[in-house]
Protein chains: 2
Amino acid sequence: MKVTIYDVAKEAGVSISTVSRVINNTGRISEKTRKKVLKVMETLHYQPSMVASALTGKRTRTIGLIIPDVANPFFAEIARKVEDRGRELGFNVLMCNTDNNPETEEMYLSLLKQKSVDGIIIGTTTKNYTVLNELLHEHFPIAFIAQDIPELAIDVVRVDDFLGGYQAVSHLVSLGHKKIAIMLGNLNRTSDKDRLQAYRQVLQENGLEYDERLVIYTDYSMEAGKRAAFELLRSPQKPTAIFACFDSLAVGVYQAAKEMGLCIPEDLSVVGFDNTILATIVDPPLTTVAQPIDEMGRQVVDLIIREIEGEKNMKQRVILPPELIVRHSTKQL
Amino acid sequence: MKVTIYDVAKEAGVSISTVSRVINNTGRISEKTRKKVLKVMETLHYQPSMVASALTGKRTRTIGLIIPDVANPFFAEIARKVEDRGRELGFNVLMCNTDNNPETEEMYLSLLKQKSVDGIIIGTTTKNYTVLNELLHEHFPIAFIAQDIPELAIDVVRVDDFLGGYQAVSHLVSLGHKKIAIMLGNLNRTSDKDRLQAYRQVLQENGLEYDERLVIYTDYSMEAGKRAAFELLRSPQKPTAIFACFDSLAVGVYQAAKEMGLCIPEDLSVVGFDNTILATIVDPPLTTVAQPIDEMGRQVVDLIIREIEGEKNMKQRVILPPELIVRHSTKQL
DNA sequence: GTTGTAAGAGAAAGCGCTTACTCAAACCAA
DNA sequence: TTGGTTTGAGTAAGCGCTTTCTCTTACAAC
């Protein structure tokens with residue numbers, strides 16, 4: 001029932017090696033034989049089994065994509081771009097959501113290896129390095145997107161988080177804000193660390209006081225943003241502006257503000273980060289730091305595929321510039 | 001370098017079939033031997049190659065998911081649920097975006113088969129049945145989610161679109177609206193057809209005139225929704241309410257209304273469909289028909305896996321009830 | 001007419017597993 | 001003790017490909 005290379009060979013009156021050669025376009029084949037085999041393949045609806053060819057040393061042409069959550073627009077957009085570029089280059093993507101759970105991540109890492117994917121793109125916060133280090137040692141192709149581990153020589157494609165944070169906070173300062181809060185995820189993400197670093201530096205450069213109570217650690221969900229915003233806005237050190245390190249957090253801020261009867265940007269300025277679709281549909285449209293998601297997705301795929309093809313032997317970090325998109329959630333104080 | 005079943009066998013002083021038996025927990029193995037083999041596997045960090053075992057007739061434990069676009073929140077949420085349930089049951093998902101392009105879809109269908117995925121879940125509008133029919137004939141496990149082809153006996157999990165449309169339009173009518181527009185995708189999707197059908201029926205039941213000019217065909221993007229809304233709202237037959245068949249279209253309506261200086265719900269009532277995250281973050285929160293995405297994702301996976309495991313031989317349609325979620329985008333006329 | 005070389009294609013050995021078949025040892029009832 | 005069962009484990013034949021080697025022709029050069 002399933003037609004194999006043997007069926008084609010028999011039907012065409014040649015050996016399976018000849019068929020294999022015309023499939024892969026290798027070796028020498030007379031035009032006549034090639035035509036004949038091609039025609040038989042056609043009439044028999046023959047499709048080579050990728051499982052079999054993977055077993056004989058060829059690629060699976062599949063890459064794993066490990067992210068926290070596709071339902072999060074930022075990662076959904078990344079996933080889309082990765083898949084697009086992968087398709088262009090003949091690779092499929094196996095999607096893995098971990099919710100940043102280290103065990104899930106570790107499980108996936110070894111599962112993907114078992115499944116012989118050709119490479120793995122990681123967009124999650126990794127803390128547990130055991131499996132990761134193993135893979136790295138075996139020179140398993142791995143690349144990080146929107147995520148970095150400074151202590152390791154690895155392939156990375158990310159935005160310049162420090163610069164992005166700098167732009168965001170500078171913007172608020174230039175509007176006259178003095179009490180600026182920052183909401184971020186955990187400091188395991190270097191991106192968050194860099195943005196916080198920028199925040200401190202801008203404050204310092206402008207002679208503003210750094211108040212720890214205005215630095216809120218949370219996760220990346222809207223609910224978390226909302227909760228954190230409530231806390232901030234009800235505290236005595238109520239800020240006049242908030243730099244939310246993800247658009248999703250910013251949306252949470254919007255919701256809290258609305259429930260408290262505060263107007264954005266009149267009563268509160270908000271800057272987000274990522275420039276996902278959320279930024280444009282929220283009212284007022286969110287001023288945010290754009291990550292070049294398209295370019296990032298494209299470049300990680302290119303990077304990892306070059307690694308897979310063995311075309312490069314040196315790891316590299318690609319740091320792309322962010323861009324502050326000023327919309328209507330920020331206002332002169 | 002790569003450790004295989006042979007290495008384990010040699011190290012443990014047994015044959016490879018014994019190792020295979022302990023891996024798969026089949027046949028009879030003495031406790032002593034099993035322990036010994038297990039220990040060797042452990043110390044050697046042995047992981048069976050799934051490619052090899054797939055070649056010998058076992059499953060790949062991978063399912064393909066074909067959707068229009070993960071960057072669309074509705075499909076992102078579906079993808080997430082599918083992956084979650086798949087993981088629980090030991091299956092990975094290969095993500096495929098087609099933008100509803102028939103060629104891309106056909107390409108993926110045959111590619112997925114070549115890659116020997118165990119089953120395929122489809123959420124796209126299929127028009128081209130050739131490859132699909134082939135697969136169906138070969139009893140290749142296929143299930144549809146949020147998508148149906150009434151002419152075919154297939155596995156389907158979807159919401160009751162007629163009922164959903166009925167609820168949405170009835171709600172608007174009950175608020176006193178008489179000029180109600182409907183915005184939908186193309187009529188190839190049965191879901192759209194059913195919603196339109198419901199729209200007509202509600203109008204009729206309430207003695208309202210059916211005006212073709214209030215029926216707008218578009219695609220599912222925000223931009224399309226915006227364009228369509230502009231057109232409607234500037235036309236002489238300007239409606240007082242719009243039933244947008246996707247939340248994303250509804251968001252487009254919001255944007256158009258805002259640019260035209262119209263207030264929702266004072267000047268225009270809007271009902272969406274899907275109840276994606278968009279509905280809650282838009283201002284005012286969108287009244288919409290909720291699809292039970294969690295349940296749908298869970299059930300397609302269960303359905304297809306039962307099919308894969310050969311536990312069922314009859315196709316079935318699972319039609320889940322929608323729920324009208326009244327928020328603040330609709331108002332008594 | 002030899003010899004040398006290149007072109008075209010087949011034979012066969014894997015790739016890392018699963019599984020049907022086989023067989024020796026151990027056990028048990030009569 | 002004998003014959004019949006279990007039990008535990010090995011042998012070997014694939015699964016559907018790729019690829020190295022080998023071999024036969026054909027043809028050009030001398």
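- Atom CZ of residue Arg28(A) and atom OG1 of residue Thr18(A) lie 14.0 Å apart, to the nearest 0.5 angstrom.
- In this structure, Arg61(A) does not pair ionically with Asp118(A), as no charged nitrogen and carboxylate oxygen lie closer than 4.0 Å.
- Dashed line: the shortest gap from a side-chain N or O of Thr56(A) to OP1 or OP2 of dT18(D) is not under 4.0 Å.
- A salt bridge between Arg317(B) and Asp155(B) is absent, with no side-chain N of the basic residue lying under 4.0 Å from a carboxylate O of the acidic one.
- Contact of Tyr6(A) with dC17(D) (side chain to base): a donor-acceptor pair of N or O atoms is detected under 3.5 Å.
- A salt bridge is absent between Arg80(B) and Asp294(B); no separation between the charged side-chain nitrogens and carboxylate oxygens falls under 4.0 Å.
- Nucleic acid contact class of Ser20(B) (heavy atoms, under 4.0 Å, all strands): base.
- Here the side chain of Thr18(A) is nearest to one of dT18(C), dG10(C), dG16(D), namely dG10(C).
- A side chain to side chain contact (heavy atoms under 4.5 Å, CB included) with Leu65(A) holds for exactly one of Leu112(A), Val93(A), Val301(A); it is Val93(A).
- Within 3.5 Å, a donor on the side chain of Arg21(A) pairs with an acceptor on the base of dG10(C), or the reverse.
- The 5' end of DNA chain D is approached more closely, in terms of each residue's nearest nucleotide, by Val14(B) than by the other of Val14(B) and Ala52(B).
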Practice problem: Start with the C-alpha distance between Ser20(A) and Ser17(A), add both sets of side-chain angles, then the distance that settles side chain to side chain donor-acceptor pair (under 3.5 Å), and finish with yes or no. | Solution: CA-CA 5 Å; Ser20(A) 176; Ser17(A) 34; over 6 Å; no
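- Val51(A) comes within contact range of no nucleotide atom at all, as no heavy-atom separation falls under 4.0 Å.
- Below the 3.5 angstrom threshold, one finds a donor paired with an acceptor across the side chain of Ser17(B) and the base of dT11(D).
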For nucleotides 6-8 of chain D, print each protein N/O atom paired with a nucleotide N/O atom at under 3.5 Å, atom names and distance only.
unit_1, atom_1, unit_2, atom_2, d
dT7(D), OP2, Arg28(B), NH2, 3.4

